[in-house]
Amino acid sequence: MKIASFNVNGIKARLHQLTAWLPEARPDIVVLQEIKSVDEAFPSGPIEDLGWQVHTHGQKSWNGIAILSRLPVEAVRRRLPGDEADEQARYVEAVVMGDHCAVTVAGLYLPNGNPAPGPKYDYKLDWMERLRRRAAELLASEEPVVMLGDFNVIPEPRDAAHPERWAEDALFLPPTRAAFRRIVNQGWTDAIRIGDPHAGRGPFTFWDYQRQSWERDNGIRIDHILLSPQAADRMRGAGIDRDQRAGDKPSDHVPVWVELAA
DNA sequence: ATGGTAGTGTAACTA
């Protein structure tokens with residue numbers, strides 16, 4: 001079972017890239033972030049025509065998430081628990097039926113949090129605490145769980161080409177990294193770090209559109225795949241589709257993926 | 001300190 005995450009930065013502007021990448025990469029499950037579309041306006045047709053079921057959780061103009069699946073999906077849950085007043089569409093969860101076992105997939109678009117300090121940063125840290133609580137519940141199931149998406153967290157200096165430039169940024173501030181570690185240290189495995197070992201800096205998953213970041217390989221690693229122990233036992237590979245950043249009108253993120261024997 | 005680019009949606013915001 002191949003599970004992928006892709007921040008498309010606007011589904012309407014990225015349909016060409018997504019419909020070219022899906023048949024090429026052949027994932028079984030994809031979580032999308034930043035669809036920037038209400039559910040009714042999501043272009044499901046061209047994706048369904050390629051064999052994928054579409055489950056969206058959108059909002060107008062910003063954020064928004066979706067799960068695409070070629071396998072049977074049950075128990076789709078939208079919204080991260082813990083704050084009924086939170087209107088931002090950033091979390092979707094589903095149970096996917098594999099040949100050998102069921103896998104819970106949690107897709108997320110964690111708040112950016114800039115500028116920090118400020119209310120947006122407070123919201124980010126609150127959201128991370130809610131995610132930590134949900135992550136603990138998912139781990140307690142002792143089932144295969146894959147929690148993946150755009151975390152908007154640079155975990156370590158080696159995850160940025162120029163970490164010093166991120167020192168004051170909400171993606172790299174010490175409280176952000178500590179909150180991420182509190183989740184990982186519950187017992188999750190960082191699939192990209194394990195599956196795609198890299199001696200020096202990188203690998204990266206995001207390159208800004210500005211300042212020729214891609215041409216200069218000035219990237220960061222902020223799209224992550226966390227595996228429960230039962231999912232990590234089944235991991236057969238993981239990777240980053242880096243080439244996707246080089247095409248015509250690409251997203252500023254590239255897809256990340258993990259392959260499980262499931 | 002500023003501005004550089006992109007998407008949504010058509011002004012101003014988010015990233």
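A note on names: the letters A, B, ... follow the listed sequences, proteins ahead of strands, and every chain is numbered from 1.
- We find that CG of A:L110 is positioned 11 Å from P of B:dA15, with the value rounded to whole Å.
- Between A:D252 atom CG and B:dT8 atom P there is a gap of 12 Å when expressed in whole angstrom units.
- A:R90 comes within 4.0 angstrom of the backbone, heavy atoms only, and of no base.
- Here A:Y109 lies in heavy-atom contact (under 4.0 Å) with sugar-phosphate atoms only.
- The CD-P distance, from A:Q17 to B:dG7, rounds to 11 Å in whole Å.
- Going from atom OH of A:Y209 over to atom C1' of B:dG7 covers 8 Å, rounded to whole Å.
- Taking the side chain as every heavy atom from C-beta outward, A:W207 and A:R242 approach each other to under 4.5 Å.
- Rounded to whole Å, atom P of B:dA15 lies 13 Å from atom CG of A:D208.
- Comparing A:A13 and A:H253 along DNA chain B, the residue whose closest nucleotide (by nearest heavy atom) sits nearer the 5' end is A:A13.
- When rounded to the nearest whole Å, the span between OH of A:Y123 and P of B:dT14 equals 13 Å.
- Note: A:F180 and A:H224 have tilted aromatic rings, judged against thresholds of 30 and 60 degrees for the angle between ring planes.
- Separation of the C1' atoms belonging to B:dG9 and B:dT14 is 13 Å when rounded to the nearest angstrom.
- Comparing the same atom, P, in B:dG3 and in B:dT8 gives a spacing of 25 Å after rounding to whole Å.
- When atom types are taken as modelled, the side chain of A:R79 and the backbone of A:V92 share no donor-acceptor pair closer than 3.5 angstrom.
- The closest donor-acceptor contact from the side chain of A:Q17 to the backbone of A:S251 lies under 3.5 Å.
- Dashed line: the shortest gap from a side-chain N or O of A:K120 to OP1 or OP2 of B:dT14 is under 4.0 Å.
- A distance of about 23 Å separates the P atoms of B:dA6 and B:dT2, rounded to the whole Å.
- In this structure, of B:dA15, B:dG7, B:dT8, it is B:dG7 that holds the atom nearest to the side chain of A:N9.
- Remark: of the listed residues A:T104, A:I67, A:V73, A:V73 is the sole one forming a side-chain contact (heavy atoms from CB on, under 4.5 Å) with A:V96.
- Atoms CG (A:L15) and C1' (B:dG7) sit 15 Å apart, rounded to a whole Å.
- Place A:R14 and A:Q210 on DNA chain B by their nearest nucleotides, and A:Q210 ends up nearer the 5' end.
- Put simply, NZ on A:K124 is 10 Å from P on B:dA15, counting in whole angstrom units.
- Look at A:K36 and you won't find any side-chain N or O under 4.0 angstrom from OP1 or OP2 of B:dA15.
- Relative to the side chain of A:W62, the nucleotides B:dT8, B:dC13, B:dA15 differ in distance, and B:dC13 lies closest.
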